[in-house]
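Input: a single structure, listed below in structure tokens.
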Amino acid sequence: MQIKQILAEAAVGSEITVKGWVRTKRESKNVTFININDGSVIHNIQAVAEAGVLNEETQKLITTGACVAITGTLIESQGSGQKVELQVKSALVYGTADPEKYPLQPKKHSLEFLREIGHLRPRTNTFSAILRVRHTLAYAIHKYFNDNGFFYLHTPIITGSDAEGAGEMFRVTTLDPKNPPLNEDGSVNYKEDFFGRETNLTVSGQLEGELGAMALSKVYTFGPTFRAENSNTARHLAEFWMIEPEVAFYELEDNMALAEDFTKYVIRYALENCYDDLVFLEGRLKEEEKNKKQEERSELALIEKLKFVIDNDYVKLTYTEAIQILLSSKRHKEGKFQYPVAWGIDLQSEHERYLVEKHFKKPVILTNYPKDIKAFYMKLDEVSDDVPGQTVRAMDVLFPGIGEIIGGSQREDNYEKLAQRCQEVGIPIESIWWYLETRQFGTAPHAGFGIGFERLVMFVTGMTNIRDVIPFPRTPKTAEF
RNA sequence: UCCUUCUUAGCUCAGUCGGUUAGAGCACAUGACUGUUAAUCAUGGGGUCCCUGGUUCGAGCCCAGGAGAGGGAGCCA
């Protein structure tokens, strides 16, 4: 029986068998307490063995980290701290864990140390809680889209296009790296390669997502994404999971409404279905923040923060308005921004953080960016006298503490304008002929966005390093587990 | 990739001005204890001071190079 079920039913008097891993053992002369966790829930079950019930050898092998099956009667606990406990009748040790060598000790460990033992860290309270929340969010995402008429479109992992320019790509090849077939000019002849052309791991499913939306109207992708950027930060992974809805007949405003409704739904779902885990993670975060300076501590506890997000409207403003706010800010006037502020710049982390964490103190949707700092496929805005330059129908959703969690746009649906933009940014039209053809055959207004799954998990769990919200992180120089 | 800080016991860290045998807490082992829950108390074992080279009578400490990790930045989700 799973511990989650045992604790929920609390069927006192029944005989049950618990299988799991020993967290702690406390021995005294007459009685031994064994705390067992099976990962089904944050809570342990306490097994109580009267002296003499277990033979000496078994008792010795039950140490922190060992895997056991314990059979006994569920009784009301005599001690405080738990309602029920297991009165032990017999125990079987599946696997021992030499206490001199087992790295996970019954004490606090740093997250940095746990990253070095990625194969064992799911056995800690913190990581099992994160993994359960991660699962629940993934489920909520599929449920949200399914309940709202979206179809799950499986876009390719291996791709022949590098058109989006979202980042450096990982090459996929079966050619011999030491002795590849060469063209006459000495370059590698990819016609000899597995696919007969250069291929890479996908950096985004968006372009294919648009093809799906031009047939099924509402689609989303949810899959792994790969970027070979040499970025070493707490917010980037080389392999991460991304959710990308794409919807026909949606314009920018519909896209913004979808992004807000979607994020609120999945956060609410996690609150309703992972409450115990979130309570634990909130406590962990409070402990961690005790070591920080007062001004660096978050104003709201984790659960309060999540409730605040789902109960309040996101702020929506244009890039041009954001620049005006930054220009009139005290911080700008005192010259405290490291990077200069002016219309046309790409907003820096410090600018985004100022807007989200100091000025508005809630999620912000920024729209209508200058076209020169955004991707080629974004729809051009009408030119306006109020705006200094040409903008596109882009939107970024910024979350407190995380920064950019969503990037999206209404797509350019006019063939001539899109082809023109391809030329401007140097994308050969023949390389994405299939993408451009959607604008020649039954084009339609459409919009979509991408949300980094790990960034969402970070926000919900309160973790501050992205390596701690994915079971097996892939970052530059690291692929051990 | 750039800036910056760090690397000493299984873990988290201290280590004075360069000086003799490198310390603490936790973890672990042994013992005690009538119900503990980060149990408690006593005792004990445990070190490639990140690596390589240099300076010096003498280096955990100073210098040079390298590796790894953290924080910040860029790129972005």
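Residue numbers begin at 1 in each chain, while the letters A, B, ... track the order of the sequences.
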Query raised in the report: Can you list the residues that meet the salt bridge (Lys or Arg N to Asp or Glu O under 4.0 Å) rule with A:Glu198, with sequence neighbours excluded?
Result: A:Arg171
Are any protein N/O atoms closer than 3.5 Å to N/O atoms in nucleotides 4-12 of chain B? If there are, list each pair with its distance.
{"residue": "B:G10", "atom": "N2", "partner": "A:Gln105", "partner atom": "OE1", "Å": "2.9"}
{"residue": "B:G10", "atom": "N3", "partner": "A:Gln105", "partner atom": "NE2", "Å": "2.9"}
{"residue": "B:C11", "atom": "O2", "partner": "A:Lys107", "partner atom": "NZ", "Å": "2.5"}
{"residue": "B:U12", "atom": "OP1", "partner": "A:Ser110", "partner atom": "OG", "Å": "2.9"}

Query raised in the report: Where the side chain of A:Gln46 is concerned, which of B:U1, B:U36, B:G74 is the nearest nucleotide?
Result: B:U36
Query raised in the report: Could one point to a donor on the side chain of A:Glu229 or the base of B:G74 with an acceptor on the other under 3.5 Å away?
Result: no
Report task. Could you please name the option among B:A29, B:A27, B:C75 that lies closest to any side-chain atom of A:Pro99? Result -> B:A29
Query raised in the report: Which is true for A:Asp346 with a 4.0 Å heavy-atom rule: it touches a base, it touches only sugar-phosphate, or it touches nothing?
Result: sugar-phosphate
**Report entry** Range-with-range stems of RNA chain B (Watson-Crick or G-U pairs under 3.5 Å, three or more in a row)
**Finding:** B:1-7 with B:67-73, B:10-13 with B:23-26, B:28-32 with B:40-44, B:50-54 with B:62-66
Query raised in the report: Heavy atoms under 4.0 Å, any strand shown: does A:Arg23 hit a base, just sugar-phosphate, or nothing?
Result: nothing
Query raised in the report: If only side-chain N and O atoms of A:Asn465 are considered, is one of them under 4.0 Å from the OP1 or OP2 phosphate oxygen of B:G71?
Result: yes
**Report entry** Any A:Arg467 side-chain N or O less than 4.0 Å from OP1/OP2 of B:G70
**Finding:** yes
Requested in this report: May I ask you to test the A:Thr367-A:Tyr319 pair for a side-chain heavy-atom distance under 4.5 Å?
Outcome: no
Query raised in the report: Under 4.0 Å between a side-chain N/O of A:Arg115 and OP1 or OP2 of B:G70, yes or no?
Result: yes
Report each atom pair, protein N/O against N/O of nucleotides 31-34 of chain B, whose distance is under 3.5 angstrom.
{"residue": "B:U34", "atom": "O4'", "partner": "A:Asn30", "partner atom": "ND2", "Å": "2.8"}

Requested in this report: Would you kindly say whether A:Glu208 and A:Thr155 are connected by a side-chain donor-acceptor distance under 3.5 Å?
Outcome: no
Report task. With heavy atoms under 4.0 Å as the rule, sort A:Leu237 into base, sugar-phosphate or nothing. Result -> base
Query raised in the report: Do you see a donor-acceptor pair shorter than 3.5 Å between the side chains of A:Thr64 and A:Gln105?
Result: no
Please write out the pairs of protein N or O atoms and N or O atoms of nucleotides 46-49 of chain B separated by less than 3.5 Å, giving the distance to one decimal.
none

Query - Stretch residues 473-481 of chain A: residues that reach within less than 4.0 Å of RNA chain B through a heavy atom - result: A:Lys477, A:Thr478
**Report entry** Phosphate OP1/OP2 of B:G74: any A:Ser349 side-chain N/O under 4.0 Å
**Finding:** yes
Query raised in the report: Among A:Lys25, A:Arg23, A:Arg26, whose side-chain hydrogen bond (donor to acceptor under 3.5 Å, both in side chains) with A:Asn35 holds?
Result: A:Arg26
